Amino acid sequence: MLRLSKVNKYYRVGTHSLHVLRDLDIDVADGEFVAIMGSSGSGKSTLLNILGILDDYDSGEYWLGDTLIRSLSESKAAHYRNRFIGFVFQSFNLLPFKTALENVALPLYYQGVTRRKRNVIAGEYLERVGLRDWADHTPAEMSGGQKQRVAIARALIGKPRLILADEPTGALDSETSQQIMSLLREIHETGITMLVVTHDPEVAARTDRLIRLKDGKVVDPNETAEAAASHPNLPVAVPERSLTAPAIPATAVAAEGRRRSMDEP
Amino acid sequence: MFSLDRWQEVFDTLRRNKLRTVLTAISVAWGILVMVVLLGLGRGLDNGLRFNFRREASNSIWMSAAKTSIPFQGYDVGRHLTFENRDFERAKAVAGVDHISGQYFIKGGQFGGGEMTIRHGVKANTFGVNAVHPDAIYLGATEMVAGRFLDAPDVALKRKSAVIGKPVARFLFGDDDPIGQWVDVASVPFQVVGVFGDEGGEEQERQIYIPVTTAQLAFNGSDRLGMLSITVGDADSVQAKAITKEIVAQLAERHQFSPDDPQAVRVHDNVEQYERFSKLFWIISFFVVIIGLGTLAAGVVGVSNIMMIAVKERTKEIGVRKALGATPWSIVMMITQEAVFLTGLAGLLGLSAGVGFLSLLDAANVSEFVKDPGIDLRVGIAATLGLIFAGALAGYFPARAAARVNPIHALRDQ
């Protein structure tokens with residue numbers, strides 16, 4: 001399904017560069033349900049961005065199916081994102097001014113599906129996540145769990161081959177988290193490959209395989225999710241925001257870039 | 001390209017940000033309003049200028065004999081001057097004189113022939129009588145509606161021809177054809193050869209023209225002329241002044257008055273006046289256009305600014321759209337279309353409001369110097385196209401910024 005071989009990613013900060021992903025090799029087979037864990041700065045956000053074709057990498061290869069994802073043009077990347085990948089985010093990222101139905105239908109809009117047709121399809125997907133009756137509500141009128149269901153319906157509607165979920169339960173209470181994980185599991189059982197980035201060992205425990213990242217490398221590819229969940233000495237999940245060290249280096253790069261360009265004559 | 005769906009998106013966005021939309025629209029509409037009103041006023045001023053010069057050709061110079069004010073060659077001041085037919089002939093030869101007419105004031109005095117009784121059958125009334133040369137037709141805003149004006153044989157043969165104004169014809173002949181009929185001018189019979197109208201209005205039409213030589217013969221005029229009138233073609237005011245000066249010098253030599261006497265010949269120089277007014281109005285129009293364009297530019301910059309802020313506000317939304325497969329092009333089009341639509345609509349509103357204001361102004365008739373203010377269709381179309389272009393420009397830069405939004409940053413930014 002997807003294969004990363006010897007992928008390297010650097011962020012340039014001033015004169016030195018930060019080596020975020022180091023010769024990363026990851027193989028995910030068709031229909032797998034994989035969790036990616038790692039502390040802040042382990043490179044998992046970067047990995048997610050690369051997998052989601054939201055960011056490029058410096059060397060190595062990333063194959064999505066039979067397609068080499070490498071130095072794509074913006075429009076090409078947009079096209080692949082639209083056709084191959086469904087995103088589920090921690091903060092849902094629904095458009096607040098659109099109804100649940102319109103939110104779900106949005107990827108089809110970018111596929112050029114007519115309004116009538118995509119609304120019908122969106123209705124079916126809302127049905128699948130049990131929110132048929134909420135079609136005309138805006139996100140503000142919904143609970144976190146409902147919002148995440150809408151987001152999942154939206155991720156599914158483009159018939160992606162891969163779902164990338166970034167902390168899908170990070171903003172939910174534990175009961176809702178369980179429900180969302182069950183939903184993801186159900187969807188996975190229909191044959192869609194699923195990658196979940198998470199801090200939460202309980203979430204990881206409900207996947208089939210765990211990939212643990214540390215300093216831009218996979219720690220132990222053979223460790224199973226069950227083992228991780230039962231292991232007493234798991235690294236404590238630290239909220240990303242509280243860390244200052246090399247967190248979110250991309251922002252620093254952008255800021256640095258701006259400052260530098262202003263300094264130049 | 002301009003799909004219904006994208007329109008939906010545009011309307012959605014505009015509706016969601018009512019205050020922003022309204023304020024932006026006002027700034028553009030106001031810019032256009034000001035520009036249209038100023039352009040219209042400029043045109044009104046121009047029309048007003050033309051209207052105020054409508055009675056006389058704007059390239060005409062009128063020289064009438066008056067009283068000397070400087071002692072000269074033994075003559076005292078206060079001597080009344082009179083021109084003669086020979087003065088007309090000599091002035092005619094001056095280079096730069098396009099058309100020339102002398103006028104004999106039948107009743108004396110300095111201004112026109114004055115009113116005389118005109119009779120046809122039992123109908124009689126007083127009308128202004130002008131004894132002139134054929135070129136007089138070029139000096140005013142006279143237009144023939146029937147027959148002909150006076151011609152050279154009329155003058156040479158001292159024919160009793162008369163050209164009468166429309167109201168004169170209506171009064172004397174009613175619905176009958178006046179051409180070839182006879183009228184009595186102070187008991188002297190003249191044959192009507194033409195009927196004229198005059199843009200200068202009713203007063204200018206309550207006149208009759210007769211050949212200057214005939215009048216001199218019939219009304220004891222000898223070869224006296226009270227006034228010489230010329231047109232100078234395309235000459236500017238400097239050239240016109242030189243021509244006038246030469247004619248006055250000839251007259252001074254012949255009639256023994258000082259060529260520097262400011263009062264001996266009363267000169268009414270339309271060229272200079274027209275030029276002065278045109279220049280003034282041109283300057284006014286120029287500033288009017290500059291101010292109008294400036295206001296419009298401020299409006300467009302305003303739109304661009306607001307769109308820029310809007311893009312910033314919508315960073316996350318744009319990030320989501322990009323993650324879901326929106327191409328940079330579709331993002332650019334979304335923002336640009338919004339700007340074009342907003343600018344175009346507001347601009348059209350401003351355009352209509354401006355045109356409306358101008359017609360109100362026209363109806364109110366505030367000043368004789370502003371007449372028929374308005375903008376023509378071409379300006380309207382150009383303004384509309386300009387607006388759409390300005391809108392596209394106002395939208396493009398923010399749109400480009402939007403298309404560059406990095407979904408990673410946008411979505412992580414909580």
Side-chain angles (χ1 to χ4, degrees), chain A residues 45-46 48-50 52-55 73-98 102-115 118 151 154-155 157-158 160 164 166-167 170-171 240-241 247-248 250-251 253-255, chain B residues 1-21 308-338 396-397 399-414:
Chain A
S45 300
T46 309
L48 189 74
N49 289 329
I50 289 171
I53 327 178
L54 295 167
D55 202 355
S73 71
E74 283 251 32
S75 349
K76 200 87 182 158
H79 178 76
Y80 285 146
R81 277 200 292 275
N82 185 253
R83 298 284 167 163
F84 293 164
I85 299 166
F87 288 94
V88 178
F89 303 98
Q90 175 175 9
S91 52
F92 323 126
N93 284 324
L94 300 177
L95 300 190
F97 48 91
K98 288 194 179 296
E102 287 167 335
N103 265 295
V104 173
L106 203 56
L108 294 185
Y109 167 65
Y110 289 113
Q111 284 182 13
V113 177
T114 62
R115 170 173 291 266
R118 64 176 192 257
R154 181 178 68 181
I157 198 167
L164 291 176
D166 182 11
E167 304 280 2
E240 201 164 319
R241 298 225 143 239
I248 324 176
T251 321
V253 170
Chain B
M1 191 160 101
F2 283 83
S3 66
L4 192 68
D5 276 324
R6 199 175 283 134
W7 279 116
Q8 196 79 31
E9 297 281 321
V10 168
F11 290 137
D12 265 3
T13 318
L14 293 179
R15 211 173 314 124
R16 261 186 296 134
N17 301 285
K18 284 198 190 71
L19 184 65
R20 196 193 88 199
T21 304
M308 210 58 136
I309 292 168
V311 166
K312 270 265 177 292
E313 273 175 12
R314 289 165 69 183
T315 302
K316 189 158 185 163
E317 175 198 333
I318 292 163
V320 172
R321 287 176 183 277
K322 287 185 82 170
L324 296 181
T327 55
W329 171 247
S330 76
I331 300 285
V332 166
M333 282 310 293
M334 182 173 78
I335 306 287
T336 305
Q337 190 170 335
E338 192 181 316
Y396 178 70
F397 293 100
R400 216 177 45 174
R404 286 205 195 115
V405 163
N406 185 334
I408 311 161
H409 295 166
L411 300 181
R412 284 268 157 172
D413 179 30
Q414 285 156 26

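Note that this is a predicted model, so its numbers are computed, not measured. Lettering of chains follows the sequences in order, A, B, ..., and the numbering in each one begins at 1.
Shown here for B:Gly325 and A:Tyr110, the closest heavy-atom pair between the two residues is O-CB, 3.8 Å. Residues B:Ala403 and A:Glu74 share a closest heavy-atom pair of O-OE2, 4.2 Å. Shortest non-hydrogen contact noted between B:Ala323 and A:Arg81 is O-CD, 3.6 Å.
Of the atoms belonging to A:Phe87, it is side-chain heavy atoms, and not backbone ones, that fall under 4.5 Å from chain B. For B:Arg321, the parts lying under 4.5 angstrom from a heavy atom of chain A are both the backbone and the side chain. Only the side chain of A:Lys98 comes within contact range of chain B, with at least one heavy atom under 4.5 Å from a heavy atom of that chain.
Residues B:Val320 and A:Arg154 form a side-chain contact, since some pair of their non-hydrogen atoms from C-beta on lies under 4.5 Å apart.
In this structure, A:Phe97 places its CZ atom where more than 12 heavy-atom neighbours from other residues, nucleotides or ligands lie under 6.0 Å away.
Ranked by heavy-atom pairs under 4.5 Å with chain B, the list A:Ala78, A:Ser73, A:Gly52 is led by A:Ala78.
To the nearest 0.5 Å, the span separating CG on A:Leu95 from CZ on B:Arg314 amounts to 9.5 Å.
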